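On a predicted model such as this, the values are computed, not experimentally measured, just so you know. Positions are given from 1 along the sequence.
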Amino acid sequence: MTAPAPTARPTAAPAPAAPPHDPPDASPRALLWWALRARRRDLALAALFFSTHQLGEALVPVVVGAAVGDAVQDGTPDELAGWLGLLAADFLLLSLSYRFGARAAQRAAQHAEHLARGRLTAAVLRPTGGVRLLPGDLLSRAAGDASRVGACARTLASTVAAVVVLLAATLLLVRISPLLGALVVVGTAALLAAQNRLSGTLRRTSAAEQARQADAAALAEDLVRGLRVLKGIGAERTVAADYARVSRDAVLAARRAASAEAALLSLGTVFTGLYLTAVAAAGGSLALDGRLGLGEFIAALGLARFVIGPMRVVAAARAGYARAIASAGRVHEVLTTPPAVTDLGGVTGVASGDEALAGGGGGAGRVALARTGAGGGVGRLGSAGTGTGGGAGRVASVGTKAGGDARSGADDGDGAGFGVGDGGEDGFGVLRDGGGGGRGAGIGVGDGCAVGAGAGAGAGAGGPVGDGWGVEFRGVRLADGFVLDARVPGGSLTGLVCDAPAVAEAVAALLARESDPAGGTVLLGGTDLAALPLDTLRATALVCPHEPALLPGTLGDNLGALSDDPATTAEAARAALADQVVDAAPHGADTSVGDRGETLSGGQRQRVALARALAARAPVLVLHDPTTAVDAATEHTVADRVRRARAGRTTLVVTNSPAWLARCAHVVHLHGAPGAERRDTGTHASLLAESPAYRRTVTR
């Protein structure tokens with residue numbers, strides 16, 4: 001649920017600007033390298049320090065060989081001590097280099113992982129929606145897949161260092177013997193070519209492994225959430241068998257991925273073993289022929305033995321990169337999921353100086369909404385205008401009682417606001433609030449002192465809003481082919497009865513604009529929902545779904561999540577009987593609700609969620625089966641209190657509960673078969689008396 005604020009009548013937004021091109025979403029590979037490039041400084045430091053460490057290790061056999069060769073040729077103790085000192089300095093250098101390199105690599109990995117997880121989270125939480133994956137699947141992508149993307153940073157830094165030291169070792173071996181240097185080059189090239197043919201298999205098996213693990217995590221999350229219900233119907237064995245099957249599939253996929261990775265690594269081991277054998281044979285032959293001295297032979301064998309490590313790093317890098325690409329592909333799949341709806345909001349009205357603002361006035365601009373408190377309060381003017389030679393500005397105005405407090409005003413009090421528009425142009429707004437409703441005017445003053453003005457409708461949150469907040473469905477195509485034509489009058493409690501549960505869910509989703517209808521139009525206050533900015537819509541109409549999620553934290557945190565006023569929160573808690581939940585909790589309002597409210601019963605969760613929604617005092621509130629988990633007596637009490645608490649505001653209850661429907665001023669019943677559906681309207685009592693279909697629905 002989104003915390004709403006009292007707003008004025010929403011106004012249609014202009015066409016949105018074209019979204020900028022986003023390179024990270026171009027492909028999984030682009031996403032991976034975007035995350036890595038974002039930490040290029042840390043990666044460069046890690047590669048530098050790791051390279052220094054590897055070069056220091058490569059110098060160890062060279063220094064030892066030189067020291068031995070010098071000693072054999074009657075070197076002095078001072079010369080030997082010098083070689084030993086050089087060796088000690090080399091060990092100190094490589095030790096410190098690894099320490100700082102590991103730190104930089106870890107920073108790069110953690111930040112790259114965080115960037116990938118942040119991109120995924122932003123896609124899931126975007127106002128336009130569209131991502132329908134199960135929570136367990138999303139958790140797997142945000143944890144395991146993002147972690148593999150980050151791990152690629154460490155792999156990249158280590159691989160760069162390995163390549164550097166391979167080049168350095170090859171050059172040293174070429175100085176000792178061109179034949180030995182050629183063996184290193186040929187062995188490394190053959191290793192990379194062979195691994196390239198196997199990496200595609202690893203990418204595919206790794207992606208399948210992550211997908212099966214996500215399936216298991218999603219099923220486990222569903223089972224934990226519905227454990228009480230499953231026990232109640234005796235379905236433990238059935239669901240346990242389902243989870244065992246999904247878990248076996250995940251294990252088999254993990255085995256296939258591990259086998260592919262093992263094949264890739266074992267290939268590297270075989271090649272490095274063959275390479276070392278060839279170098280030892282060639283070097284021994286050269287030493288026996290006298291073409292290599294003893295010191296050179298020791299240095300050559302030491303270097304040949306040492307470069308096995310970097311060659312293995314290069315071998316493992318291909319496997320790590322393949323896994324990272326597979327995981328980046330799963331993150332990329334979420335990022336490129338098309339939005340469920342289009343947001344026309346967030347665009348300030350900017351136009352040339354001679355254009356006219358629709359609704360009156362000179363210049364150009366847009367009045368998005370005017371927010372007022374009861375009889376004045378805090379006012380907000382959504383935009384300013386531009387005149388000839390003037391710039392565009394967006395005004396945030398404060399409505400004040402004439403000569404009075406900036407946060408309060410009497411009925412019919414004048415409110416004035418002042419703001420600075422985008423680009424530095426000054427804008428002035430004037431808002432007049434007549435208690436329950438009024439008009440607002442926005443004036444933008446540009447650089448040339450030209451003025452653009454327009455009128456915007458305002459509604460005071462403190463008084464009745466009447467029919468201005470009515471909801472209307474015009475030929476709206478719902479789930480299973482149903483078509484809904486209905487009107488929800490403003491300022492009253494209306495019930496919507498749907499025989500098909502999928503239809504009821506679709507209505508709630510449409511009003512929250514989690515989806516758009518396949519056909520027809522949904523109007524709020526006479527304006528098409530699709531023409532409203534999402535922030536305006538969701539600040540005006542609050543939808544409380546059938547299974548609302550409680551937030552991590554305490555009862556008090558959840559009850560006050562959508563309200564800053566303790567008195568309003570307490571009033572809402574009493575209306576929903578959530579105050580009884582607080583009184584029964586071991587630590588009162590400070591009692592933790594656990595993950596998704598797991599410490600509470602189903603009825604307690606519903607009452608807390610309902611109180612949270614009521615505390616928002618949204619102009620339009622949509623409740624979908626808000627009390628299905630409470631007993632009949634409690635449901636009657638809650639329904640009656642909510643009716644009184646929402647008096648004068650528009651409330652739509654999507655339910656089949658007689659307790660709620662009996663308190664509705666207006667009831668719509670959608671029933672029948674798709675294409676031949678019927679819409680019976682009236683009061684609960686009249687429909688019970690006149691409609692057999694309605695009686696069957698609400699009394700079964």
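- Using a cut-off of 4.0 Å between Lys/Arg side-chain N and Asp/Glu carboxylate O, D535 and R538 are scored as not salt-bridged.
- Put simply, the side chain of R255 never gets that close to the backbone of L252: no donor and acceptor are under 3.5 Å apart.
- No salt bridge links R148 with D145; every basic N to acidic carboxylate O contact stays at or beyond 4.0 Å.
- R126 contributes a side-chain N or O that, together with a main-chain N or O of G129, makes up a donor-acceptor pair within less than 3.5 Å.
- Remark: the backbone N or O of L551 is paired with a side-chain donor or acceptor of N558 at under 3.5 angstrom.
- Under the 3.5 Å distance criterion, the side-chain polar atoms of T336 are matched with a main-chain donor or acceptor of H332.
- Without hydrogens or angle criteria, R141 side chain to R330 main chain gives a donor-acceptor distance under 3.5 Å.
- Ion pairing between R477 and D516 fails under the 4.0 Å rule for side-chain N and carboxylate O.
- Of the possible polar contacts, one joining the T337 side chain to the V334 backbone as a donor-acceptor pair under 3.5 Å is found.
- For the pair R29 and W34, the cation-pi criterion (under 6.0 Å, within 45° of the ring axis) is not fulfilled.
- Checked by atom type and distance alone, the side chain of T52 pairs as donor or acceptor with a backbone atom of L48 at under 3.5 Å.
- Here Y98 and F49 keep their ring centres 6.0 angstrom or further from each other.
- Counting only distance, with no hydrogens or angles, the side chain of R605 and the backbone of E598 share no donor-acceptor pair below 3.5 Å.
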